[in-house]
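This report concerns only the one structure given below.
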Amino acid sequence: MNAEIIALIIRKRRDALGYSQKELAEKSGVHLRSINNIESGKGNPSLDTLLKIVEVLRLELLVRIP
C-alpha cells in the first residue's frame with residue numbers, strides 16, 4: 001500500500017471520528033508532526049507508529065507477506 005492510500009484512510013477515519021490531528025497525536029502518542037507528514041503522504045511511518053494510530057482510530061492493520 002502506498003503512502004497516499006495510507007494518508008487518505010487515516011485522514012478520512014480521523015475526520016469521521018471527529019478528531020483533530022492534535023487529538024490523534026495525543027491519543028496515540030505519535031508526534032503531531034508525524035501525523036501531519038503521514039496524512040500529507042510525505043511520511044514513511046514505521047509499523048509501530050501505524051499500529052498506534054490504527055488502534056486509536058479503531059482500524060485493523062493487515063500485513064501481507066508475499
Side-chain angles (χ1 to χ4, degrees):
M1 188 175 291
N2 69 29
E4 291 174 0
I5 294 171
I6 292 171
L8 180 64
I9 291 168
I10 289 173
R11 185 172 52 251
K12 283 191 168 204
R13 181 64 176 170
R14 178 181 57 75
D15 287 343
L17 293 173
Y19 295 152
S20 67
Q21 285 186 345
K22 182 179 179 184
E23 288 172 314
L24 178 56
E26 290 170 354
K27 291 175 182 294
S28 66
V30 174
H31 289 280
L32 177 57
R33 183 181 304 238
S34 296
I35 300 288
N36 183 270
N37 285 339
I38 293 166
E39 287 194 8
S40 65
K42 298 175 187 173
N44 185 18
S46 68
L47 180 58
D48 185 54
T49 297
L50 283 176
L51 287 171
K52 289 176 183 178
I53 292 170
V54 299
E55 181 179 356
V56 170
L57 297 178
R58 297 184 297 250
L59 295 170
E60 263 185 16
L61 180 65
L62 301 174
V63 178
R64 187 179 306 167
I65 300 173

Work out which heavy atom in Ala25 is nearest to a heavy atom in His31; give both atom names and the distance.
CB-C, 4.2 Å
Compare every heavy atom of Tyr19 with every heavy atom of Val56, then report the nearest pair and how far apart it is.
CG1-CE1, 4.0 Å
d(Arg33 CZ, Lys42 NZ) to nearest 0.5 Å is 11.0 Å
So which atom in Glu23 and which in Ser20 form the shortest heavy-atom distance, rounded to 0.1 Å?
OE1-N, 2.7 Å
Looking only at heavy atoms, what is the nearest atom pair of Gly41 and Ala7, with distance?
N-CB, 3.9 Å
May I ask whether Leu51 and Leu32 are part of the same hydrophobic cluster, defined by side-chain heavy atoms of I, L, V, M, F, W, Y residues being less than 4.5 angstrom apart, directly or through others?
no
Nearest heavy-atom pair of Leu24 and Arg14: which atoms, and what distance?
CD2-CD, 3.8 Å
Please report the shortest heavy-atom distance between Gly43 and Ala3, naming the atom on each side.
O-CB, 4.2 Å
So, taking the atom named CZ in Arg11 and the one named CG in Asn36, what distance separates them when rounded to the nearest 0.5 Å?
10.0 Å
Inspect the surroundings of CG in Asp15 and state if more than 12 heavy atoms from other residues, nucleotides or ligands are less than 6.0 Å away.
yes
Within the supplied structure, the quantity of interest is the number of heavy atoms (other residues, nucleotides, ligands) at a distance under 6.0 Å from Glu26 CD; does it exceed 12?
yes
Set of residues satisfying side chain to side chain contact (heavy atoms under 4.5 Å, CB included) with respect to Thr49, sequence neighbours excluded:
Val30, Ile38, Pro45, Ser46, Ile53
Do Leu8 and Leu62 sit in the same hydrophobic cluster, where Ile, Leu, Val, Met, Phe, Trp and Tyr count as joined when their side-chain heavy atoms come under 4.5 Å apart?
no
Rounded to the nearest 0.5 Å, how far does CD1 of Ile5 lie from CD1 of Ile10?
12.0 Å
